[in-house]
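All values derive from a computational prediction rather than experimental measurement. A, B, ... follow the sequence lines: proteins, then strands. Residue 1 opens every chain.
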Number of protein chains: 2
Amino acid sequence: MPHHKLIARLLAVGPVSERDRDALRNMRYSVRNLADAEYAVRVGDRPSSCTIVLAGFLSRQRVVSDRMQISSFYLAGDMPDLPSLHLPVMDHDLCSVGPSTIALVKHSDVRAMLQESTGLLNAFWRETLIQGAVYREWVDNLGARQALPRVAHLICEIATRLEFVGLVEQNSFNCPLTQEDVANACGLSIVHVNRTIQELRRRGLIDWRGRTLELLQRQEFEEVAEFDAAYLHGLDRPHE
Amino acid sequence: MPHHKLIARLLAVGPVSERDRDALRNMRYSVRNLADAEYAVRVGDRPSSCTIVLAGFLSRQRVVSDRMQISSFYLAGDMPDLPSLHLPVMDHDLCSVGPSTIALVKHSDVRAMLQESTGLLNAFWRETLIQGAVYREWVDNLGARQALPRVAHLICEIATRLEFVGLVEQNSFNCPLTQEDVANACGLSIVHVNRTIQELRRRGLIDWRGRTLELLQRQEFEEVAEFDAAYLHGLDRPHE
DNA sequence: CGGGGTTTTGACAGTTTTCAACAGAGGTGG
DNA sequence: CCACCTCTGTTGAAAACTGTCAAAACCCCG
């Protein structure tokens, strides 16, 4: 059921008519399970399907200047390669972070669906606009913040986006990222990320053991991260 | 004539029907001149018009962690606050870099135009997708590259985007950025940007005096910058 | 139980920032 | 036309943050 998380995601950021929701529910799709570090799409590919994340995390990544840079994470309900509808050639890899599950919907089906409904077309456009806001926030994060708030901000974003699709319980969620992934996303070295996370732990802000991440003292943590969820443009701000 | 640069910009990245071009040409608009450092829109504003850059540069910026971070520059033909159509509250300032000229088109007019033509709706969506690609490239740039290639990459991007709208002649163009602007965009200190630009000059890669920037040895310069224009998704790659 | 990936540690090197001061360019007013 | 003022660009030295290298501890999975 790819529609479930996708609809939840779209509803979290804007209205979608009942008719459009039906169209989404009736999409044809195939499901694919990805192992840890397995690629969904590669740089240079010309996908003929759109990917919808059903479970787990995907990263958008590319080798830049001899290191792996991650420019976004995609969670349940996200459509990481929506751009391929208009921009045929992938400029990044989409890679599974931990095991994950994705749905694939043919471009032709998506196009047909969007031709039927300008409401959906607008919803997808809005979704693209929000993705843009997220990328810009990453620019701000990488450009202006030191390691500690930078890492904290990343964690806050993931937590809030997971809340949109109901995957956080008592400030605790499943997080498949390794410290290396955090380093690649934050533009920091693994060693420095390790020390930064230790500092967050030392301050009693997070408890991150294995695949489980718990936010202790959410308020203080978001202050350290200088996090303001407004840029995610969620309709119901979960933590207010 | 806001349509001129806007149409050039849209045509540079995708097909637009003659009918849609007519619709763009018939847009109602008002023109506004901005002085250096004057704001077009501020954080928290709820614009009722869309901005189109006619001449000069705008920067998208925000105070992050006690410094000014620029997350994008917008050049002639760009529509920096297109997101406000779907995301009403501005999350960044739009600020003039040097004097500039913008056109303003009422949201209601834009909406009417898009309702008439799914072709235009798709063109604007594609434009948003490309903006997203540009933001991601900035993430890669800030996250992975050292000062020298980072600054060089920014310059390459601006040059190429200016070429799309015909504002580069003999590898030379008008560049209103100060070293402080470069610093704010690249997440570096002014002093370090100054030294970096001197190094680029010393290597004979650029000649940047006053408001005029000339790329000497374009090929080598783009190699230093690790620049590949593919992410801008121009239809005619100018430098091939 | 073994083995590979992940986390952790320490010492050191490097890039980048900060501070502070000065030179130069451009615009304004007298 | 020059003085003056501000913004921009430039320099040097010291400090800070972050990176690199290398090794060890840990942990999960088969």
Side-chain angles (χ1 to χ4, degrees), chain A residues 35-38 57 59 64-70 95-99 141-152 154-155 174-202 206-213 224, chain B residues 35-38 57 59 64-70 95-99 141-152 154-155 174-202 206-213 224:
Chain A
D36 178 39
E38 188 176 349
F57 286 37
S59 67
V64 181
S65 244
D66 236 21
R67 58 186 296 290
M68 183 63 74
Q69 180 65 43
I70 293 175
C95 183
S96 189
V97 182
N141 199 31
L142 296 185
R145 283 195 260 268
Q146 311 228 112
L148 190 84
R150 194 188 298 181
V151 169
L154 173 64
I155 294 171
N174 188 288
C175 183
L177 304 185
T178 65
Q179 296 187 359
E180 184 173 7
D181 296 319
V182 175
N184 291 340
C186 289
L188 297 166
S189 68
I190 303 181
V191 171
H192 201 56
V193 164
N194 178 272
R195 290 176 175 135
T196 303
I197 290 176
Q198 286 181 57
E199 174 67 12
L200 289 174
R201 272 200 281 256
R202 198 193 59 71
I206 63 173
D207 183 14
W208 188 350
R209 277 182 299 205
R211 310 270 82 85
T212 303
L213 204 167
V224 167
Chain B
D36 178 38
E38 188 176 349
F57 286 35
S59 67
V64 182
S65 244
D66 236 20
R67 59 186 296 291
M68 182 63 74
Q69 180 65 43
I70 293 175
C95 183
S96 189
V97 182
N141 199 32
L142 296 185
R145 284 195 260 266
Q146 310 229 112
L148 190 83
R150 193 187 300 181
V151 170
L154 172 65
I155 295 171
N174 189 289
C175 183
L177 302 186
T178 65
Q179 295 187 358
E180 183 173 7
D181 296 320
V182 175
N184 291 341
C186 288
L188 296 166
S189 68
I190 303 181
V191 170
H192 200 54
V193 164
N194 178 272
R195 291 174 175 136
T196 303
I197 290 176
Q198 286 182 56
E199 174 67 12
L200 290 173
R201 272 200 281 254
R202 199 193 58 72
I206 62 172
D207 183 15
W208 188 351
R209 277 182 299 207
R211 310 269 83 85
T212 304
L213 204 167
V224 167

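- Shown here are the side chain to side chain contact (heavy atoms under 4.5 Å, CB included) partners of R67(B), two or more places apart in sequence or in another chain: A144(A), Q69(B), N184(B).
- Proximity of a side-chain donor or acceptor of R211(B) to a complementary backbone N or O of N174(B) within less than 3.5 Å is not detected.
- Considering only heavy atoms from C-beta on, T178(B) comes within 4.5 Å of D181(B) through its side chain.
- Evaluation of the side chain to side chain contact (heavy atoms under 4.5 Å, CB included) rule for Q146(A) yields P149(A) as partners, not counting sequence neighbours.
- Applying a 4.0 Å cut-off to non-hydrogen atoms, the residues of residues 181-191 of chain B that approach DNA chain D are V191(B), listed by residue number.
- The shortest heavy-atom contact between L142(B) and C186(B) is CD2-O, 3.2 Å.
- Of the possible donor and acceptor atoms, none in the side chain of R145(A) sits under 3.5 Å from a partner among the backbone N and O of V64(B).
- Of all the heavy atoms in V97(A) and D36(A), the pair that sits closest is C-OD1, 3.9 Å.
- Once you apply a 4.0 Å limit to the heavy atoms of chain A, the touched nucleotides of DNA chain C run 5' to 3' over dT6(C) to dA11(C).
- For the pair R211(B) and V193(A), both in contact range of DNA chain D, the more 5′-proximal nearest nucleotide belongs to R211(B).
- Using a 4.0 Å heavy-atom criterion, one finds that R145(A) contacts no nucleic acid atom at all.
- Overall bending of the helix from dC1(C)-dG30(D) to dG30(C)-dC1(D), expressed as the angle between end axes built from five pairs apiece, is 40° (10° steps).
- Protein chain B touches strand DNA chain D; the 5'-most and 3'-most nucleotides with an atom under 4.0 angstrom of its non-hydrogen atoms are dT8(D) to dA13(D).
- Summary of the strand contacts: R195(A) and G210(B) both lie near DNA chain D, and taking for each the nucleotide with the nearest heavy atom, the more 5' one is attributed to G210(B).
- Between V193(B) and A183(B) the shortest heavy-atom distance is CG2-CA, 3.5 Å.
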